[in-house]
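These notes are about the structure you will find just below.
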Protein chains: 2
Amino acid sequence: MGEMLDDFPEPELFTLNCPTQQILDVIADKWSVIVLYCLAYRSRRYTEIQRRIEGISQKVLTQTLRKLERHGLIERQVLSEMPPNVEYSLTALGKTLIDPLLGIANWSRKYFEEVEAARDRYEQQQV
Amino acid sequence: MGEMLDDFPEPELFTLNCPTQQILDVIADKWSVIVLYCLAYRSRRYTEIQRRIEGISQKVLTQTLRKLERHGLIERQVLSEMPPNVEYSLTALGKTLIDPLLGIANWSRKYFEEVEAARDRYEQQQV
DNA sequence: CGGTATCCAGACCGATACTG
DNA sequence: CAGTATCGGTCTGGATACCG
């Protein structure tokens, strides 16, 4: 009686297929966050994005763009067919996501060296 | 002269192997964020985590825990060998990450339905 | 320029069996 | 209880070729 069944203030916050998990399925991958940030300050053409984001292949960039478009975070606008000219931009919805993403980015810059140091320490002990 | 070379306020924020990208390599996967949140309010035993997080396999849970430990975000403490009793908890560093993660979670809950609606709309047009 | 299509290697992941 | 080991299938991601 009076037993605490659960100590999560919001139990449904990270359960199976909850909103958070479904959103993570969209943006928690290698490139999505970077692509979103790349569009944060203005719309950009396909090649411009590819040039900006070092190390992303054409196939993966296209996949990532399609996925973000599919979920309403970015918009694809064909300005001309020939020569091709396609512009990508954040939707109103996508813009609201930038702030939370910057929260992660700021944390990364602030604590990056601690994470590195921890990794080095861990590595040492495995030897 | 006076030409704007770049319109990013922080150009190095998402470049190749920048802090943000390296941190994303650690936490931007299917389970890391959920495991971190699972430990947000107190330490937990292995099985407790596994029970809480529906759908995660033993192997993937162990991998995720090791990875987070390796990067200094959680701590593994062996309380007894036989019977085995292992507790996982956030480190001080890991605790500082919870707030930014909740930023993502709160966004997810607020805008989840818009994302779903966008996906449905996109699906319709593909038909 | 902005893609698609295809092939292939490696990473990932779940299921199962086993263990101190 | 808290894992490790192994095996297959899947999914991802890069490279290359091609196209309107």
Side-chain angles (χ1 to χ4, degrees), chain A residues 14 16-17 21-22 24-36 38-39 42-71 74-90 122 125-126, chain B residues 14 16-17 21-22 24-36 38-39 42-71 74-90 122 125-126:
Chain A
F14 287 93
L16 191 62
N17 292 329
Q21 229 185 62
Q22 294 205 36
L24 286 176
D25 271 354
V26 179
I27 60 168
D29 60 35
K30 196 169 168 153
W31 298 110
S32 291
V33 173
I34 298 169
V35 169
L36 286 172
C38 184
L39 298 174
R42 62 171 175 81
S43 62
R44 288 173 196 277
R45 296 179 62 168
Y46 184 88
T47 310
E48 203 181 346
I49 302 171
Q50 197 178 15
R51 260 199 318 269
R52 260 240 142 247
I53 303 180
E54 303 170 64
I56 195 168
S57 72
Q58 191 171 43
K59 188 176 114 182
V60 172
L61 176 56
T62 301
Q63 280 174 357
T64 304
L65 289 168
R66 291 288 177 278
K67 188 176 174 188
L68 295 175
E69 185 193 3
R70 185 166 110 91
H71 292 89
I74 69 174
E75 194 179 4
R76 178 175 181 271
Q77 210 178 352
V78 179
L79 297 179
S80 118
E81 298 270 354
M82 196 54 66
N85 185 359
V86 179
E87 275 213 348
Y88 291 92
S89 54
L90 293 183
Y122 190 92
Q125 301 190 346
Q126 299 321 85
Chain B
F14 286 94
L16 192 62
N17 292 329
Q21 228 184 61
Q22 294 203 36
L24 287 175
D25 271 352
V26 179
I27 61 167
D29 60 37
K30 195 169 167 144
W31 298 110
S32 292
V33 172
I34 297 168
V35 170
L36 286 171
C38 184
L39 298 173
R42 62 171 176 81
S43 62
R44 287 173 197 277
R45 295 179 62 167
Y46 184 88
T47 311
E48 204 181 346
I49 302 171
Q50 196 178 17
R51 259 200 319 270
R52 261 241 143 247
I53 302 181
E54 304 170 64
I56 194 168
S57 72
Q58 192 170 42
K59 190 175 113 184
V60 172
L61 175 56
T62 301
Q63 281 173 357
T64 304
L65 289 168
R66 292 287 177 277
K67 188 176 174 189
L68 295 175
E69 185 194 1
R70 185 165 109 90
H71 292 89
I74 69 174
E75 194 177 3
R76 178 175 181 271
Q77 210 177 353
V78 179
L79 297 178
S80 119
E81 297 269 354
M82 193 56 66
N85 186 358
V86 179
E87 274 211 350
Y88 291 92
S89 54
L90 293 184
Y122 190 91
Q125 301 190 344
Q126 299 322 85

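Residue numbers start from 1 in every chain, and the chains themselves are labelled A, B, ... in the order their sequence lines are given, proteins ahead of strands. All figures in this text were calculated on a predicted structure; none of them were measured in a lab.
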Within 6.0 angstrom of B:K67 NZ, more than 12 heavy atoms from elsewhere = yes
Between CG of B:D29 and P of C:dC12 the distance, given in whole Å, is 10 Å
Between D:dG13, D:dA2, C:dC1, spot the one nearest the side chain of A:P84, thanks.
-> C:dC1
Whichever of B:T47 and A:W31 has its nearest DNA chain D nucleotide further upstream toward 5' | B:T47
Are OP1 or OP2 of C:dT4 and a side-chain N or O of A:R66 less than 4.0 angstrom apart?
-> yes
Does B:R76 reach the side chain of B:L65, with side-chain heavy atoms less than 4.5 Å apart?
-> no
Whole-Å distance separating the CD atom of A:Q63 from the C1' atom of D:dA15 = 14 Å
Interatomic spacing from CH2 in A:W31 to CD1 in A:I53 - rounded to 0.5 Å | 7.0 Å
Kindly indicate whether the side chain of A:I56, heavy atoms from C-beta on, has any atom under 4.5 Å from the side chain of A:I49.
-> no
Mind calculating the distance between CD (B:E48) and C1' (D:dG3) to the nearest angstrom?
-> 17 Å
Nearest whole angstrom, please: distance from the C1' of C:dG2 to the CD of A:Q77.
-> 15 Å
Report the distance from atom CD of A:Q50 to atom C1' of D:dA15, rounded to the nearest whole Å.
-> 13 Å
Overall bend of the helix from C:dC1-D:dG20 to C:dG20-D:dC1 (five pairs an end, 10° steps) is 50°
Please figure out whether A:K59 or A:E87 has its closest DNA chain C nucleotide nearer the 5' end.
-> A:E87
For the pair A:E69 (side chain) and A:E75 (backbone), establish whether a donor and an acceptor sit closer than 3.5 Å, ignoring hydrogens and angles.
-> no
B:R45 side-chain N/O to D:dC1 phosphate OP1/OP2 under 4.0 Å = no
Under-4.0 Å side-chain N/O to phosphate OP1/OP2 contact, A:T62 with C:dG3 | no
side-chain N/O A:S57 vs D:dG13 OP1/OP2, d < 4.0 Å | no
Pairwise side-chain contact, A:N85 with A:R45, heavy-atom cut-off 4.5 Å (strictly under) | yes
Rounded to whole Å, CD1 of B:I53 lies from C1' of D:dA2 at a distance of 16 Å
Taking OP1 and OP2 of C:dG3, is either one under 4.0 Å from a side-chain nitrogen or oxygen of A:R76?
-> yes
Using atom CD of A:E54 as one end and atom C1' of D:dG14 as the other, report the distance to the nearest whole Å.
-> 17 Å
Considering only side-chain heavy atoms of A:V60, which listed nucleotide, C:dG2, C:dC13, D:dG13, is closest?
-> D:dG13
Quick one: do A:R42 and A:E87 satisfy salt bridge (Lys or Arg N to Asp or Glu O under 4.0 Å)? Show the steps, please.
-> CA-CA 10 Å; A:R42 62 171 175 81; A:E87 275 213 348; over 6 Å; no
Take atom CD of B:Q58 and atom P of D:dA2, then tell me their distance rounded to the nearest Å.
-> 10 Å
Closer than 4.0 Å, any side-chain N/O of A:Y88 to the OP1 or OP2 of C:dG3?
-> yes
Quick one: do the A:Y88 and A:R44 side chains pair a donor with an acceptor below 3.5 Å?
-> no
